[in-house]
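Notes follow once the structure below has been shown.
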Amino acid sequence: KYCNLFASEVLLPRDVFISMFGQKRHDISLYELRYLQSLYGISADALMYKARKENIISIQRYKYFNIKKNSDALFKAEVEKSIFQNETSFRQENLVFKALNSDLISYSRAAELLGSDLMTVSANILV
């Protein structure tokens, strides 16, 4: 609860939240929750908690959301699925190719560091 409260207060101010959902709602769709998640990076659980805390939805709707999430595996998977792509870093690859182009390492060492083969490494070098 404290994590959801913190996230909802810090990441999404009350006035912005109310402007998105309005003062009173019967329910909030998963589509709407995902949209706000994409904008503010807040979990669906934290958003529903905030909707309850701000009295936008009733206690019964909030309880129903949690009961459904805990009893319906497909719904739970959808609620908890992150909409953000995993971050990837290309720093190691950049450093390996920089070292290769500066003649600090050989093609075979570059392939070893990249977990690749010589043909792939050679294909990525401009001559």
Side-chain angles (χ1 to χ4, degrees):
K1 284 185 177 181
Y2 290 118
C3 291
N4 286 334
L5 177 63
F6 177 79
S8 70
E9 293 298 323
V10 172
L11 299 174
L12 185 57
R14 181 182 190 278
D15 57 331
V16 174
F17 190 77
I18 289 176
S19 73
M20 299 292 262
F21 284 121
Q23 292 287 334
K24 204 68 160 160
R25 296 281 296 271
H26 175 68
D27 205 357
I28 298 172
S29 71
L30 187 56
Y31 179 83
E32 292 172 290
L33 294 172
R34 290 196 166 247
Y35 175 69
L36 278 182
Q37 185 183 25
S38 71
L39 292 177
Y40 296 99
I42 303 173
S43 71
D45 287 315
L47 292 168
M48 287 299 286
Y49 182 83
K50 186 169 186 80
R52 173 59 218 124
K53 185 181 142 302
E54 300 296 341
N55 290 318
I56 293 172
I57 59 171
S58 68
I59 293 171
Q60 290 79 14
R61 284 317 268 175
Y62 181 68
K63 284 181 181 178
Y64 175 75
F65 168 79
N66 285 304
I67 289 168
K68 182 174 181 173
K69 188 180 86 162
N70 292 321
S71 64
D72 183 342
L74 292 174
F75 183 71
K76 183 176 185 170
E78 283 300 310
V79 167
E80 294 181 350
K81 181 171 63 173
S82 176
I83 62 169
F84 298 104
Q85 299 294 322
N86 290 336
E87 292 183 19
T88 55
S89 171
F90 297 101
R91 181 164 170 72
Q92 179 180 354
E93 290 85 352
N94 287 338
L95 291 173
V96 169
F97 280 109
K98 183 177 181 178
L100 180 62
N101 287 327
S102 300
D103 293 325
L104 297 174
I105 61 174
S106 66
Y107 278 86
S108 59
R109 180 67 177 144
E112 179 184 347
L113 290 170
L114 295 171
S116 185
D117 57 58
L118 286 172
M119 292 295 288
T120 305
V121 172
S122 298
N124 285 298
I125 298 294
L126 297 175
V127 273

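Counting from 1, the numbers follow the sequence of the chain as shown.
The CG atom of L114 sits 5.0 Å away from atom CZ of F97, with the distance rounded to the nearest 0.5 Å. Here the NZ-CD1 distance, from K63 to I57, works out to 12.0 Å after rounding to the nearest 0.5 Å. Once rounded to the nearest 0.5 Å, the distance linking CG of N70 with NZ of K76 reads 5.5 Å. K69 contributes atom NZ, which lies 13.5 Å from atom CD of E78 (distance to the nearest 0.5 angstrom). Separation of atoms CG (L47) and CD1 (I28) is listed at 8.0 Å; rounding is to 0.5 Å. Rounded to the nearest 0.5 angstrom, Y107 OH and T120 OG1 are separated by 13.0 Å.
Shown here are the side-chain contact (heavy atoms from CB on, under 4.5 Å) partners of L95, two or more places apart in sequence or in another chain: R91. Judged as a side-chain contact (heavy atoms from CB on, under 4.5 Å), and not counting sequence neighbours, the contacts of D72 are K68, L74, F75. Every side-chain contact (heavy atoms from CB on, under 4.5 Å) that K98 has, sequence neighbours left out, goes to S102. Taking the salt bridge (charged side-chain N to carboxylate O under 4.0 Å, His left out) definition, one finds that D117 meets it with nothing, sequence neighbours left out. With sequence neighbours excluded, no residue forms a salt bridge (charged side-chain N to carboxylate O under 4.0 Å, His left out) with R52. Every salt bridge (charged side-chain N to carboxylate O under 4.0 Å, His left out) that E112 has, sequence neighbours left out, goes to R109.
Hydrophobic cluster membership differs between Y49 and Y64, with clusters built from Ile, Leu, Val, Met, Phe, Trp and Tyr side chains linked at under 4.5 angstrom. When the side chains of ILVMFWY residues are joined at heavy-atom separations under 4.5 Å, either directly or via intervening members, Y35 and V16 end up in a single hydrophobic cluster. Under a hydrophobic clustering in which Ile, Leu, Val, Met, Phe, Trp and Tyr are joined whenever their side-chain heavy atoms come within less than 4.5 Å, directly or via other members, L104 and L118 fall into different clusters.
A donor-acceptor pair under 3.5 Å is formed between the side chain of K50 and the backbone N or O of L12. Proximity of a side-chain donor or acceptor of K24 to a complementary backbone N or O of N55 within less than 3.5 Å is detected. Under a 3.5 Å cut-off, the side chain of Q92 and the backbone N or O of L113 do form a donor-acceptor pair.
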- Message: Assess the residue pair F17 and L36 against the criterion (side-chain contact (heavy atoms from CB on, under 4.5 Å)); give the C-alpha distance rounded to whole Å, side-chain angles, the decisive distance to 0.1 Å, and a yes or no.
- Response: CA-CA 9 Å; F17 190 77; L36 278 182; 4.2 Å; yes
- Task: Kindly determine whether E32 and R25 satisfy side-chain contact (heavy atoms from CB on, under 4.5 Å), including the steps that lead there.
- Result: CA-CA 12 Å; E32 292 172 290; R25 296 281 296 271; 2.8 Å; yes
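Nearest heavy-atom pair, F65 versus A44, reported as atom, atom and distance to 0.1 Å: CZ-O, 4.5 Å. In this structure, V79 and R34 approach most closely via the heavy-atom pair N-NH2, 4.4 Å.
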